[in-house]
Amino acid sequence: MSEPIQTDVVIIGAGPAGLFAVFELGLLDLKAHLIDILDRPGGQCTELYPEKPIYDIPGLPVVTGQELVDRLMEQIKPFAPTFHFGEQAAGLTKLPDGRWKLTTDSGKELIAPVIVVAAGAGSFVPKRPPIPGIEAYEGTSVHYAVRKMDSFAGKNVLIAGGGDSALDWTLNLAPIAKSLTLIHHRDGFRAQAHSVNQMRELVAAGKVNFHVASVKALHGQNGQLAAATLAGHDKKEWQIDADAFLPFFGLTIKLGPIAEFGIGLHENLIPVDTAKFESEQPGIFGIGDIITYPGKLKLILSSFHEAALMAQAAFHICRPNEKLRFQYTTSSSNLQKKLGVS
Amino acid sequence: MKIYATDRDGKEIEIEGREGWTIMEMLRDAGLPVAAECGGACACATCQVYVEDGWYEKLTPPADMEVDMLDMALAVEPNSRLSCQLVCSEELDGIKVTLAPE
Ligand SMILES: Cc1cc2nc3c(=O)[nH]c(=O)nc-3n(C[C@H](O)[C@H](O)[C@H](O)COP(=O)(O)OP(=O)(O)OC[C@H]3O[C@@H](n4cnc5c(N)ncnc54)[C@H](O)[C@@H]3O)c2cc1C
Ligand code: FES
């Protein structure tokens, strides 16, 4: 096991709130590490509406979700934050010296005097089809992502979905699987046209089975899948051999481990004060959609303000013996040096 | 106008629909557990409902965007719609919908 990482601030969530927090902390010389279960920055902006325009970011009359995130990434670049993508913040404990130790689901440990929860509505996780007992097969036979293609060689693979992931993995796994069955609720796909055409060629050549159907039941033992019951729209059911099932229905948001962090969650939101944006636990702050206070609006611009005030309070915890100087980026050569512009 | 919505336990409730609002908004307003993660932007497929036979046919057919998004919904049936794409109007007075599983 590697040594715990020690830093000033650990931010949970790399959505717009978490990203801008890096900037406000950076101006005060505080170093930040960010954790996000997604494999890229942006939270809801890039996951739910990358191409859609936002019209209420002050000073930017129109900007798409992706563009806003790209700009935030550019803005925080001088502060060289460390990103831990593809990891979920799983546990939080207080150390005897008053600092916090955050553990990720992959076992990484980060120690800091300040934790900032910028977790939005929670973690983006794969949608789980409503099939009784599916949990028992997850990780062994049911996978929401393909990590090692080889592990599907010689297997009877069942894929569900109609988007790019479903089609891409149908094309990639068909040559190595023993059999490959693709099911979808209609004979039409939102995936790229050329992948759909390639899939149809494989079906015509007898290399892929395609059915307009859904999975009604999974059969197997000790987490090892053996067969699946499929049902068509006419309610007719039949069984096929299946050693692996890959459902690809995109992501959904689940609150996740934050619920167990002991930070006084109220209706899945963290109550904070509006001077420091600190939770009931000293040193644990909250910003963005995850927090609640009288008058809270779930807007990106509000999260920017919250980040600025949080950073001031975080400074006093991280640097108890230093005095905080209020400065403008326009006129402070000190701040401009940090930003790399002077 | 009235909307009749059946929740995931099979209980039906009557909701007063507001002209111009979406059925998703009315369901949430009535306290039903519709996730609607994207707030009605047709970007999440977590507001799916099944529309009772007879009513499905009366609706404006789904736009391409909705058809695409339904591909990301779970347990889709031929009468599935995304409730954020259904706008309340007098023509829909009495419509019956059932929440799709979570
Ligand atoms: C379709 C749509 C349109 C919108 N339009 C606007 C608009 O025009 N203007 C506006 O101001 N706002 C708009 N919003 C709202 C805006 O997107 C949110 O207010 C904003 O994204 C909140 O930012 P956040 O950083 O607090 O949370 P999020 O963007 O939700 O990011 C939180 C991140 O934290 C991660 N996370 C959570 N828990 C964990 C954990 N335990 N471990 C690891 N990672 C975790 C999540 O995976 C996620 O990436 C819109 C939202 C939607 C869905
Ligand atoms: S609320 Fe997201 S698709 Fe309807």
Side-chain angles (χ1 to χ4, degrees), chain A residues 43-54 65 120-132 134 144 160-167 183-192 196 212-216 231-235 247-255 268 289 298-299, chain B residues 6-10 22 24-25 27-54 56-57 59 61-85 97-102:
Chain A
Q44 294 173 44
C45 300
T46 42
E47 208 43 55
L48 290 172
Y49 59 104
E51 310 292 338
K52 290 203 166 73
I54 310 173
S123 299
F124 278 94
V125 294
K127 285 191 190 131
R128 171 193 280 162
I131 304 166
I134 187 169
Y144 297 100
D164 284 315
S165 303
L167 272 283
I183 57 169
H184 188 39
H185 74 92
R186 63 178 177 127
D187 190 0
F189 302 84
R190 75 196 289 260
Q192 301 281 331
V196 177
V212 173
S214 61
V215 177
K216 282 289 157 248
H233 282 329
D234 52 7
K235 305 279 180 242
F248 291 116
F249 295 101
L251 303 178
T252 185
I253 306 173
K254 291 266 179 287
L255 182 63
N268 292 348
D289 280 11
K298 288 188 183 179
L299 286 177
Chain B
T6 306
D7 68 14
R8 298 191 183 99
D9 301 322
T22 67
M24 178 276 277
E25 289 170 309
L27 298 175
R28 284 179 59 96
D29 203 47
L32 290 172
V34 178
E37 284 165 6
C38 76
C42 201
C44 72
T46 60
C47 64
Q48 186 194 180
V49 293
Y50 304 121
V51 180
E52 185 164 297
D53 292 352
Y56 184 85
E57 295 72 17
L59 300 170
D64 288 353
M65 182 172 73
E66 184 184 340
V67 173
D68 274 356
M69 212 5 95
L70 272 168
D71 281 0
M72 293 290 122
L74 301 168
V76 175
E77 297 291 339
N79 60 339
S80 287
R81 290 295 302 258
L82 295 176
S83 60
C84 70
Q85 302 301 304
V97 300
T98 301
L99 304 199
E102 268 187 296

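Reminder, nothing fancy here: chain letters follow the sequence lines and each chain counts from 1. Because the structure is a prediction, the values reported are computed rather than measured.
Among the candidates A:Leu48, A:Leu251, A:Val215, the residue making the largest number of heavy-atom pairs closer than 4.5 Å to chain B is A:Leu48. Interface summary for chain A: among B:Ala35, B:Pro78, B:Ala43, the most heavy-atom pairs under 4.5 angstrom belong to B:Pro78.
Residues passing the side-chain contact (heavy atoms from CB on, under 4.5 Å) test with A:Ala213 are A:Ile183, A:His211, A:Leu230, A:Trp238, sequence neighbours excluded.
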Check: every donor-acceptor pair under 3.5 Å linking chain B and chain A:
residue: B:Glu37; atom: OE1; partner: A:Thr252; partner atom: OG1; Å: 3.4
residue: B:Glu37; atom: OE1; partner: A:Ile253; partner atom: N; Å: 3.3
residue: B:Glu37; atom: OE2; partner: A:Thr252; partner atom: OG1; Å: 2.6
residue: B:Glu37; atom: OE2; partner: A:Ile253; partner atom: N; Å: 2.8
residue: B:Ala41; atom: O; partner: A:Lys52; partner atom: NZ; Å: 3.2
residue: B:Cys44; atom: O; partner: A:Lys127; partner atom: NZ; Å: 2.9
residue: B:Asp68; atom: O; partner: A:Arg190; partner atom: NE; Å: 3.1
residue: B:Asp71; atom: OD1; partner: A:His184; partner atom: NE2; Å: 2.9
residue: B:Asp71; atom: OD1; partner: A:His185; partner atom: NE2; Å: 3.0
residue: B:Asp71; atom: OD1; partner: A:Arg186; partner atom: NE; Å: 2.9
residue: B:Asp71; atom: OD1; partner: A:Arg186; partner atom: NH2; Å: 3.4
residue: B:Asp71; atom: OD2; partner: A:His184; partner atom: NE2; Å: 3.3
residue: B:Asp71; atom: OD2; partner: A:Arg186; partner atom: NH2; Å: 2.7
residue: B:Asp71; atom: OD2; partner: A:Arg190; partner atom: N; Å: 3.1
residue: B:Met72; atom: O; partner: A:Lys127; partner atom: NZ; Å: 2.8

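With a 4.5 angstrom heavy-atom cutoff, B:Ala100 does not touch chain A via any of its atoms.
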